[in-house]
A.B. asks: 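My questions will all concern the structure given below.
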Amino acid sequence: QVQLVESGGGLVQAGGSLRLSCAASGRTISDYAMGWFRQAPGKEREFVAAINWSGATTQYTDSVKDRFTISRDNAKNTVYLQMNSLKPEDTAVYYCAARTSHRIRLTANGYAYWGQGTQVTVSS
């Protein structure tokens, strides 16, 4: 079993930055692909970014490319999401997820473990 705990969310003005962290416990995640998803009020959960087990491969949804960066530190069993140039439409609860595979997947049903989420609110 893997437990995931997100942190780093908060309230920020448009154009600002936040760095989300996802700390894993229970087992190493160094052999797992990891993802970030988000869910805004009244909307379905959507893919944001993913990283493969080694960190060599990443993917992003188009709306966050060139603004967000996913990374991982396997020694710390932690995954990060650096979010720059934030926009009001980025407002959502952000979830970290672990996939029991080396390879990235863009759909939520490919992930076995989920954190409780952290709120990100971007004011205009």
Side-chain angles (χ1 to χ4, degrees):
Q1 284 285 350
V2 175
Q3 294 78 45
L4 303 173
V5 178
E6 303 96 335
S7 61
L11 173 63
V12 64
Q13 288 189 333
S17 298
L18 285 173
R19 186 194 196 204
L20 305 184
S21 298
C22 172
S25 61
R27 80 177 296 282
T28 180
I29 57 169
S30 61
D31 54 344
Y32 285 179
M34 300 293 294
W36 286 96
F37 292 76
R38 66 186 180 187
Q39 188 166 19
K43 295 187 177 181
E44 294 192 354
R45 191 170 298 189
E46 65 169 350
F47 169 78
V48 176
I51 188 167
N52 78 330
W53 69 280
S54 68
T57 303
T58 58
Q59 290 198 31
Y60 300 90
T61 192
D62 286 346
S63 63
V64 308
K65 282 180 182 176
D66 300 323
R67 297 190 300 123
F68 290 11
T69 302
I70 188 171
S71 62
R72 66 190 301 158
D73 186 337
N74 284 340
K76 295 183 178 179
N77 229 27
T78 300
V79 177
Y80 305 97
L81 185 68
Q82 177 67 45
M83 306 186 296
N84 299 329
S85 303
L86 282 160
K87 304 176 180 180
E89 51 263 44
D90 295 318
T91 295
V93 177
Y94 283 70
Y95 297 90
C96 173
R99 171 166 160 73
T100 57
S101 167
H102 286 192
R103 299 167 70 177
I104 287 172
R105 189 158 182 171
L106 307 189
T107 54
N109 62 9
Y111 291 79
Y113 302 103
W114 292 82
Q116 82 291 348
T118 186
Q119 177 70 48
V120 171
T121 303
V122 184
S123 63
S124 57

A.B. asks: Could you list all the disulfide bond (SG atoms under 2.5 Å apart) pairs where at least one residue sits in residues 34-88, not counting sequence neighbours?
C.D. replies: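 Those involving residues 34-88 do not exist here.
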A.B. asks: N109: which residues meet the side chain to side chain contact (heavy atoms under 4.5 Å, CB included) condition with it, sequence neighbours left out?
C.D. replies: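 Residues passing side chain to side chain contact (heavy atoms under 4.5 Å, CB included) with N109: R105, T107.
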A.B. asks: Counting only N and O atoms by type, is there a donor-acceptor contact under 3.5 Å from the side chain of T78 to the main-chain atoms of K76?
C.D. replies: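 Yes: the side chain of T78 pairs with the backbone of K76.
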A.B. asks: Hey, mind stepping through K87 and D90 against salt bridge (charged side-chain N to carboxylate O under 4.0 Å, His left out) and telling me if it holds?
C.D. replies: CA-CA 5 Å; K87 304 176 180 180; D90 295 318; over 6 Å; no
A.B. asks: Sequence neighbours left out, what passes side chain to side chain contact (heavy atoms under 4.5 Å, CB included) with S17? Give chain and number order.
C.D. replies: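 With sequence neighbours excluded, S17 shows a side chain to side chain contact (heavy atoms under 4.5 Å, CB included) to Q82, N84, given in chain and number order.
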A.B. asks: How is the hydrophobic cluster of L11 composed, in terms of its other members, when Ile, Leu, Val, Met, Phe, Trp and Tyr link through side-chain heavy atoms under 4.5 Å apart, directly or indirectly?
C.D. replies: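 Its cluster mates, by chain and number: none.
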A.B. asks: Please give me the minimum heavy-atom distance between A14 and P88, naming the atom from each residue.
C.D. replies: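 The answer is CB-CD, 4.1 Å.
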A.B. asks: Checking E6 side chain against Q116 main chain: does a donor-acceptor pair fall under 3.5 Å?
C.D. replies: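 Here the side-chain-to-backbone pair exists.
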A.B. asks: According to disulfide bond (SG atoms under 2.5 Å apart), does anything in residues 6-97 pair up with another residue at least two apart or in another chain? List the pairs.
C.D. replies: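 Matches after skipping sequence neighbours: C22-C96.
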A.B. asks: Test your reading of the model: is there a side-chain donor-acceptor pair from N74 to the backbone of W53, 3.5 Å cut-off?
C.D. replies: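 Such a contact is found between N74 side chain and W53 backbone.
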A.B. asks: Please identify each residue that fulfils side chain to side chain contact (heavy atoms under 4.5 Å, CB included) with S54, with sequence neighbours left out.
C.D. replies: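 So S54 forms a side chain to side chain contact (heavy atoms under 4.5 Å, CB included) with N52, A56.
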A.B. asks: In chain order, what residues pass the salt bridge (Lys or Arg N to Asp or Glu O under 4.0 Å) check against E46, with sequence neighbours excluded?
C.D. replies: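 Testing E46 for salt bridge (Lys or Arg N to Asp or Glu O under 4.0 Å), a comparison that skips the adjacent residues, returns R38.
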A.B. asks: Does the R99 side chain pair with the main chain of G110, one donor and one acceptor, at a distance under 3.5 Å?
C.D. replies: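 Checking the backbone N and O of G110 against the side chain of R99, a donor-acceptor pair under 3.5 Å is found.
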A.B. asks: Do other residues, nucleotides or ligands put more than 12 heavy atoms under 6.0 Å from R103 CZ?
C.D. replies: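 Not buried by this count: 12 neighbours or fewer within 6.0 Å.
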A.B. asks: So which pairs with a foot in residues 29-66 pass disulfide bond (SG atoms under 2.5 Å apart), sequence neighbours left out?
C.D. replies: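 For residues 29-66, and leaving out neighbouring residues, there are no disulfide bond (SG atoms under 2.5 Å apart) pairs at all.
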A.B. asks: Going by the rule side chain to side chain contact (heavy atoms under 4.5 Å, CB included), which residues pair with S85 if we only count those two or more places apart in sequence or in a different chain?
C.D. replies: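 Testing S85 for side chain to side chain contact (heavy atoms under 4.5 Å, CB included), a comparison that skips the adjacent residues, returns R67.
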A.B. asks: Could you list who else is in Y80's hydrophobic cluster, with ILVMFWY side chains joined at under 4.5 Å, directly or through other members?
C.D. replies: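 Result for Y80 is none, singleton.
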A.B. asks: Linking Ile, Leu, Val, Met, Phe, Trp and Tyr through side-chain heavy atoms less than 4.5 Å apart, which residues share a cluster with Y32?
C.D. replies: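 Once heavy-atom contacts under 4.5 Å are chained together, Y32 belongs with V2, L4, V12, L18, L20, I29, M34, W36, V48, I51, Y60, V64, F68, I70, V79, L81, M83, L86, Y94, Y113, V120, V122.
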A.B. asks: Given a cutoff of under 4.5 Å between side-chain heavy atoms of I, L, V, M, F, W and Y, with clusters grown through shared members, what are the other residues clustered with F37?
C.D. replies: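 F47, V93, Y95, I104, L106, Y111, W114, which link up through side-chain heavy atoms under 4.5 Å apart, make up the rest of the cluster.
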